[in-house]
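Below: one structure, written as structure tokens.
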Amino acid sequence: AETVEVEEEKNETTEKTIKEDNATDFSSIVEKDVENTISALKAEYEELVAEINTYDKYKNNIDKIEAYYVKITASTNELRIKLSEYAINYAQEIVSSDLSNDDKYEELDEIYDVIYEDARDEIYDEIYNGILDDMLDSFYNGILEYNNDISYDEWSDLNSDEYDRWSDTGSEVYDIWSDLGSDIYDFWSDVRGELWDDDLEKAQKKIDDFKEDTEKLKSGNAAEKSEDKSSDSNKDDNKENEDVNTSSDEIRPEFKETLDSYEEFFDEYCEFMKKYKESPNDLSLLEDYTEYMEQYSETMEKISELENED
């Protein structure tokens, strides 16, 4: 009897060790990949701001800034695909193991903890709320701050374009982060649901379906990369035929007044966006958003009227 008890204890200890090793390996791999992606983006950001540190350098290197914004979105999307694949591989390993269905059910919580919570927190904090905020401060709120030595028309175009790039990239990264959350949560919940019902065949079907969806996403990502390369080539051809007007125009008092209003509005809008990022589910912010959009229309209309007077 003692021999049987010892053997059962040994088996339980071995099973526990295997489960712990699986979870540790899974967590380490995911954490390392997320850290590497974020570190690479941060390193490229540091190089960018070190190289582009004046208004004139900004004008002459807009293509590099555009490329970096594209890189932020692409890297975040690639990370989404990798994290989905890690979830699939881990689920497959657990579902195919000799563990009981109850243990399999519990082990799959690693997908929720490691990817849905930890990895997504890193993406949100370090990319969406980190690198993108740094880009806003360095360029839109930094180098592109207006002074009277700059042509207003040129500055206005550069300023608006930079804000649009930052805003569009932020929206894209947020959507990727949100979609990743929905995908992982549904996958985790679906597979565990089938294990709860002791239906391994349906659990495997959930894994196969998510794998197929991820492969489609991966194929679509590859197609977008190909289109981007073609687009970049066309931009280079067009750039050779462009004549850049760098003349410095005298700014009239009316323009200066509008300019001050324009700057003040966008400073307030940026502060609002930061609050919105921190509390995206705060419904009260939607009212503020509507007000800001009205102010934007009024400001741009005022600028348009002054430009038509010239």
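Any value given below was found using the heavy atoms of this structure, including those in side chains, with hydrogens, waters and symmetry copies removed.
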* Asked: Are W166 and L48 joined in one hydrophobic group, where the rule is that I, L, V, M, F, W and Y side chains link up if heavy atoms are under 4.5 Å apart?
  -> yes
* **NZ/NE/NH1/NH2 to OD/OE distance under 4.0 Å, D208 and K205** => no
* Got a salt bridge between R165 and D161, using NZ or NE/NH1/NH2 to carboxylate O under 4.0 Å? -> no
* Asked: Side chains of E162 and L136: closer than 4.5 Å at any heavy-atom pair?
  -> no
* Flag yes if more than 12 heavy atoms outside E201 fall under 6.0 Å of its CD atom; otherwise flag no. => no
* Asked: Should L195 and I88 be counted in the same cluster of Ile, Leu, Val, Met, Phe, Trp and Tyr side chains packed under 4.5 Å apart?
  -> yes
* Scan side-chain atoms only and decide if Y58 and N53 contain a donor-acceptor pair under the 3.5 Å cut-off. => no
* Donor-acceptor side-chain pairing of E154 and Y55 below 3.5 angstrom -> yes
* Asked: Do NZ/NE/NH1/NH2 and the carboxylate oxygens of E78 and K82 come within less than 4.0 Å?
  -> no
* Got L158 and I62 here, is their nearest side-chain heavy-atom distance under 4.5 Å? -> yes
* Structure fact -> By salt bridge (charged side-chain N to carboxylate O under 4.0 Å, His left out), K57 pairs with (sequence neighbours left out) none
* To do: Supply the atom-to-atom distance E66 CD to K71 NZ, rounded to the nearest 0.5 angstrom.
  => 15.5 Å
* Asked: Applying ring-ring contact (aromatic ring centres under 6.0 Å, His included), which residue pairs with at least one partner in residues 185-206 are found, sequence neighbours left out?
  -> Y105-W196, Y112-W188, Y116-Y185, Y185-W188, F187-F210
* Do E126 and V34 touch side chain to side chain, with heavy atoms closer than 4.5 Å? -> no
* Asked: Which heavy-atom pair separates I111 from Y90 by the least distance, and what is that distance?
  -> CG1-CD2, 3.8 Å
* **Hphob cluster co-occupancy, Y68 + I38, side-chain heavy atoms under 4.5 angstrom** => yes
* **Pi-cation contact, W177 with R120 (under 6.0 Å, within 45°)** => yes
* Any Lys/Arg nitrogen of D109 or R192 sitting under 4.0 Å from an Asp/Glu carboxylate oxygen of the other? -> yes
* Which heavy-atom pair separates I72 from I127 by the least distance, and what is that distance? -> CG2-CG2, 3.9 Å
* **Where A87 and I184 come nearest, the two heavy atoms and their spacing** => CB-CD1, 3.9 Å
* Minimum heavy-atom distance T214-E85, with the two atoms named -> CG2-CG, 4.0 Å
* Of the non-hydrogen atoms in L144 and W155, which two are nearest, and what is the gap between them? -> O-NE1, 2.5 Å
* To do: Carefully, step by step, assess V49 and I143 under the rule side chain to side chain contact (heavy atoms under 4.5 Å, CB included).
  => CA-CA 10 Å; V49 295; I143 288 174; over 6 Å; no
* To do: Drop me the distance from M135's CE to L132's CG, to the nearest 0.5 angstrom.
  => 7.5 Å
* Side-chain (N61) to main-chain (K64) donor-acceptor, under 3.5 angstrom -> no
* Are the side chains of Y128 and T76 in touch, meaning some heavy atoms are under 4.5 Å apart? -> no
* To do: Give the cluster check for Y152 versus Y140: same hydrophobic cluster or not, with ILVMFWY residues linked at side-chain heavy-atom distances below 4.5 Å.
  => yes
* Could you go through the side-chain hydrogen bond (donor to acceptor under 3.5 Å, both in side chains) check for D168 and Y69 one step at a time? => CA-CA 9 Å; D168 291 345; Y69 277 119; over 6 Å; no
* Examine distances only and state if a side-chain atom of T37 and a backbone atom of D33 form a donor-acceptor pair shorter than 3.5 Å. => yes
* To do: Supply the atom-to-atom distance N101 CG to E106 CD, rounded to the nearest 0.5 angstrom.
  => 11.5 Å
* Donor-acceptor pair between E35 and S39 side chains, under 3.5 angstrom -> no
* To do: To the nearest 0.5 angstrom, please state how far the CD1 atom of I94 sits from the CG atom of D103.
  => 9.5 Å
* Asked: To the nearest 0.5 Å, how far apart are OG in S84 and CG in L79?
  -> 9.5 Å
* Would you say K104 and L200 make side-chain contact, with heavy atoms under 4.5 Å? -> yes
* Establish, from distance only, whether the side-chain atoms of Q204 and E194 form a donor-acceptor pair under 3.5 Å. => no
* Minimum heavy-atom distance between L108 and A91, given as atom pair plus value -> CD2-CA, 3.8 Å
* To do: Give a yes or no on whether Y45 and L41 share a hydrophobic cluster (residues Ile, Leu, Val, Met, Phe, Trp, Tyr; joining criterion: side-chain heavy atoms under 4.5 Å apart).
  => yes
* To do: In plain terms, say whether D190 and K202 are close enough for a salt bridge, that is, a side-chain N and a carboxylate O under 4.0 Å apart.
  => no
* Find the distance between CG (L217) and CG (N77) and round it off to the nearest 0.5 Å. => 5.5 Å
